[in-house]
Amino acid sequence: MAPSRYHNPSSASGIVGNDHGFYDASSGPGGNEAVMAGGVVGHTQQPLVTGTSVLGLVFADGVMLAADNLASYGSLARFRDIQRLVPLESSKSSSSCLAVAVCLGVDSISERAQALGDDHPSLGPKQIYEFLSNLMYARRSKMDPLWNAMLLGGIKDGESFLGYVDLLGTTYQAPTLASGFGSHMAQPLLREAYEKRQEEGKSGAKEGELMSREEATAVLEDCMKVLYYRDARSLNKYQIATITAQGVEISASKSSETEWKFAEGLRGYGPQKQ
Amino acid sequence: MFRNTYDGDNTTFSPQGRLHQVEYAQEAVKQGSAAVGLRSKTHAVLLTLKRSTGELASYQKKMIKIDDHVGVAIAGLTSDARVLSNFMRQLAMQSRMLYARPIPVGRIVQSIADRAQANTQQYGKRPYGVGFLVIGKDETGPHLFEFSPAGISNEYHAHSIGARSQSAKTYLEDHHAEYEDCSLDELIQHGLSALRDTLQQDKTLTLKNTSIAIIGPATSSIPGATTSKKANFRVLDDEAVEPYLREMRRRRGEPESGEVKEEEEAQADAPATEAAGDAATGGAAPGASDGDGDVQMQE
């Protein structure tokens, strides 16, 4: 992930260093910010490099996640080729994928989850989710949160899983999820599509009560386009992860067709004179 | 009883490339009373021979429950076993807290093996003087593992540790093809037969000196046997063991009520007293059982 002044690499290595995967401020060669600031405990942090919304949607064969490729430095579109979808593991019985909103310490989180996928029975999405929520809550309780919001999508034994965790350790699960700006802009669209499809399934207009792969992709692409129009921290270059019983498949980066002619007629802000 | 000059600490190799302290630790396991474990597709069982230090003492517990789905049988230093099983309980709870799942059996055994291995390599430490048979179940089914103080853990279909365990191993090897498809009753009977082979000539399995631990749902056709729908780890002691011992005697064509009871009644008769008293207690009175190499400190 992109470098950040407030999180040096050594603090990231602290995450995998100890037994339980929880951050230990005393470990790591470089010490943390508090030590470097001469023993003054530095509580508040602000992420410098940020990503914007991530979306998640349960469909007939599993779960889809979407995130764009941008890591912003404030309002500057600094890193334009960042993959924010992290495949965690795929075994015979389960596969999981993580979508991260803000880029901090995620490499070590996914490393940690990977390390648990040895020849013992691997962690299913629910277990990884439990681990993530414990990790995030433990860090916020130390007043040193991992500044992030994540969606975890997975499937195990044919059962889809989609859950949200953020820097406060807040957790919830739903068949459609979105973080950040997306929870305002995209979540209503996702819900509308999801519920409409449920009705169609119940009335027999369509088979099944969940979207097909094509339908789900179309809905997510539509949401990413709306977000690109409305969210100033977004990029018209995004990826979709499809998590099915066959494994995790992350698409190549793609763009939406956009139309900006209407912008000419906008009045009230920007460079134009009334 | 120093054997040579290379056994003073566990970090020094002998010229033959051996670590004597580690081998002595394994010897401590061999001195402990026997434990037998078997596994089928659906169940895993442990059977142990308990010892008491004398007629006035109770029998030393040989089974330790770790979590709902894992339990161990011990052979060797009981106090070391308590330290290790405490550690295993911590790991089991940690897994439930952190990942919301019961810990996989292989992982918990690997963890104590790693811990034991560290003790064989660091100056000033000593190896654990205890061996475990661990049974448990996880999403991949029932399992049986052996843990030894050398820091080795292996998975088995059937295995035995402790005093005279080679005799049990011989029985287990002779019948190795049968366990996979055994019912719980059959598995326990195989276990009892193997355990019986570890006994000294004049001893028998009694409800006092035998304990059985089970993983997997219990459906038994033996009259009086406890049944349970839950597949959790549980230990049968005393009266709960009797139906299985009865069944064993019936199959061997011995009196079902068991010689022990008759002998207990016969204790008034002068000639029978010595032998019968020994048999009834499993007889590990100090000095009486030097043939077995019993040491009081052990269990």
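To find a chain, count down the sequence lines: A is the first, B the second, and so on, and within it residues start at 1.
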Q: Can you list the residues that meet the side-chain hydrogen bond (donor to acceptor under 3.5 Å, both in side chains) rule with A:Tyr164, with sequence neighbours excluded?
A: A:Asp166
Q: Considering residues at least two apart in sequence or located in another chain, which fulfil the side-chain hydrogen bond (donor to acceptor under 3.5 Å, both in side chains) criterion with B:Gln122?
A: none
Q: Is B:Arg96 salt-bridged to A:Glu130, cutoff N-O under 4.0 Å?
A: no
Q: Are there more than 12 heavy atoms of other residues, nucleotides or ligands under 6.0 Å from atom CD of B:Gln121?
A: no
Q: Measure from the side-chain N and O atoms of A:Asn134 to the backbone N and O of B:Tyr99, and report whether any donor-acceptor pair falls under 3.5 Å.
A: no
Q: Counting only heavy atoms not in B:His157, do more than 12 sit closer than 6.0 Å to its NE2 atom?
A: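 For B:His157, atom NE2 is not crowded (no more than 12 foreign heavy atoms under 6.0 Å).
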Q: Heavy-atom distance under 4.5 Å between the side chains of A:Gln127 and B:Leu98, does that happen here?
A: no
